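Quick note on labels: first sequence line is chain A, next is B, and so on, each numbered from 1. Because the structure is a prediction, the values reported are computed rather than measured.
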Number of protein chains: 2
Amino acid sequence: MTKKEELLQAAQNKVREGGYNNFSFRELAKEVGIKSASVHYHFPTKADLGAELAKQYTNNFILALGDVKTLHNAGHNPIAVFITQFKHALHHDKKMCLCGLLGAEADILPQPVRTEIKRFFTKNLDWLEQAYLYREPTNKRQAKQSAIQTISLLEGAMMISIASQDNSVFDNAIAGLADH
Amino acid sequence: MTKKEELLQAAQNKVREGGYNNFSFRELAKEVGIKSASVHYHFPTKADLGAELAKQYTNNFILALGDVKTLHNAGHNPIAVFITQFKHALHHDKKMCLCGLLGAEADILPQPVRTEIKRFFTKNLDWLEQAYLYREPTNKRQAKQSAIQTISLLEGAMMISIASQDNSVFDNAIAGLADH
DNA sequence: ATTAAACTATCTACTGATAGGCAGTATTGG
DNA sequence: CCAATACTGCCTATCAGTAGATAGTTTAAT
């Protein structure tokens with residue numbers, strides 16, 4: 001892993017714990033073993049770092065989900081896959097969704113970061129809409145609404161689980177969500 | 001309004017925009033027209049201020065909801081009332097739920113603040129559980145689950161609406177939620 | 001006279017950012 | 001083939017601004 005990648009990884013952990021203001025160049029530098037001035041070599045400004053962080057997070061997230069059609073044809077339920085990925089983020093990383101937390105504080109984010117956060121949600125909503133269209137006789141309007149409701153429930157349940165320090169909240173919230 | 005109340009109000013706005021790290025004693029002081037040192041007179045430490053902020057927010061929120069039984073007997077649907085209060089917070093204040101945002105960054109909050117955030121959710125879940133028990137033949141287990149799902153959906157939808165800078169996301173998410 | 005609510009002044013620590021230097025590696029032109 | 005050049009990735013040193021917090025003082029109302 002290059003120093004740049006290490007910096008992004010360290011930043012991701014910090015942001016997922018306490019938001020955009022919860023990391024500093026000095027802190028990241030110390031964690032990966034370089035000086036804070038060198039972080040500016042890789043990312044000219046903090047906004048640049050934040051934007052790239054959100055961008056890569058989104059890309060990795062969508063990539064990990066895979067293709068809706070492929071999943072469906074292989075006999076998997078895309079919606080269950082989507083839910084599982086959120087569940088994994090909470091249970092494995094024990095941290096909030098990066099874009100969920102940043103989304104909540106969108107008002108104070110530099111524009112480039114805010115743009116990437118928006119992209120996370122449009123990408124995920126498009127994916128979910130497609131997933132719902134592979135189900136039952138559904139029109140586009142209904143699929144869109146189901147997509148919004150599903151991702152809202154997941155982000156909200158994640159948030160409350162972390163606030164409550166109790167993952168059973170999340171498990172309870174998603175019970176029976178995938179199977180109609 | 002006393003200076004102390006003004007300070008709490010100013011802090012609430014700041015926190016609901018960008019989280020716990022988005023306000024400073026100097027900023028608050030400037031906004032209400034006193035010196036930063038004087039803020040320490042009202043709130044010895046930042047954690048004290050944060051905890052009282054969350055406490056009052058929770059109390060006001062529950063107070064504004066009213067009593068479930070009373071609402072039900074007056075012919076109102078408590079669940080619809082609950083949803084309306086969230087909707088109002090988003091549409092009127094144009095800001096995230098204080099405890100939603102703070103809940104997401106619970107890992108970095110001073111314990112006294114975290115405790116108050118937890119209380120917000122237990123209070124609201126209890127209220128909602130009661131509300132669901134006034135509906136149809138439902139057992140306690142089902143009512144608890146419905147409560148978690150409802151508040152998760154609301155918090156999540158709020159978050160995504162702010163991230164997307166588009167309130168129609170929220171309206172779409174809550175469509176048909178109150179009426180079974 | 002006591003007390004509440006503000007003040008002045010100051011401390012240490014941390015913030016993002018910049019200027020300029022210095023090795024090591026690639027690239028390129030004669 | 002080799003010297004000149006440029007690039008990469010880091011460094012030291014430093015800046016102005018802001019953070020939370022404290023000690024001690026003044027003001028005004030009870």
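One can place CG of B:L49 at 14 Å from P of D:dA19, the figure rounded to the nearest angstrom. Whole-Å rounding puts the A:F43 CZ to D:dC10 P distance at 11 Å. Atom-to-atom, CD of B:E27 to P of D:dG17 comes out at 16 Å; the value is rounded to the nearest Å. Between the P atom of D:dA16 and the CZ atom of A:F25 lies a distance of 20 Å, rounded to the nearest Å. Residue A:K46 contributes atom NZ, which lies 12 Å from atom C1' of C:dC14 at whole-angstrom precision. Nucleotide C:dA6 holds its P atom 11 Å from the NZ atom of B:K4, rounded to whole Å. To the nearest angstrom, P of C:dC14 lies 13 Å from NZ of A:K14. What separates CG of A:N21 from P of D:dG20 is a distance of 11 Å, to the nearest Å.
The side chain of B:K35 contributes no N or O atom lying less than 4.0 Å from OP1 or OP2 of C:dC7. An OP1 or OP2 oxygen of D:dA19 is reached within less than 4.0 angstrom by a side-chain nitrogen or oxygen of B:S24. Between B:S38 and C:dC7, a side-chain N or O to OP1/OP2 separation shorter than 4.0 Å is present.
Side chain of B:K30 to backbone of B:S36: no donor-acceptor contact under 3.5 angstrom is found. B:W127 contributes no side-chain N or O that, together with a main-chain N or O of B:D67, makes up a donor-acceptor pair within less than 3.5 Å. The main-chain N or O of A:K123 is never found under 3.5 Å from a side-chain atom of A:D126 such that the two would form a donor-acceptor pair.
In the set C:dC7, C:dA4, D:dT12, C:dA4 carries the atom at the smallest distance from any side-chain atom of B:Y41. Checking C:dA5, D:dG20, C:dA17 against the side-chain heavy atoms of B:H42 singles out C:dA5 as nearest. Minimum atom distance to the side chain of B:R26 is reached by D:dG20, of the listed D:dG20, C:dA6, C:dG16. The listed nucleotides are C:dT15, D:dG20, D:dA13; the one nearest the side chain of A:A37 is D:dA13. Side-chain proximity of B:H40 to the nucleotides D:dA21, D:dT12, D:dC10 is greatest for D:dA21.
A:D93 pairs with exactly one of A:Q12, A:R16, A:H88 by the side-chain hydrogen bond (donor to acceptor under 3.5 Å, both in side chains) rule, that one being A:R16.
Salt-bridge annotation for A:E52 and A:K4: present, with a side-chain N of the basic residue lying under 4.0 Å from a carboxylate O of the acidic one.
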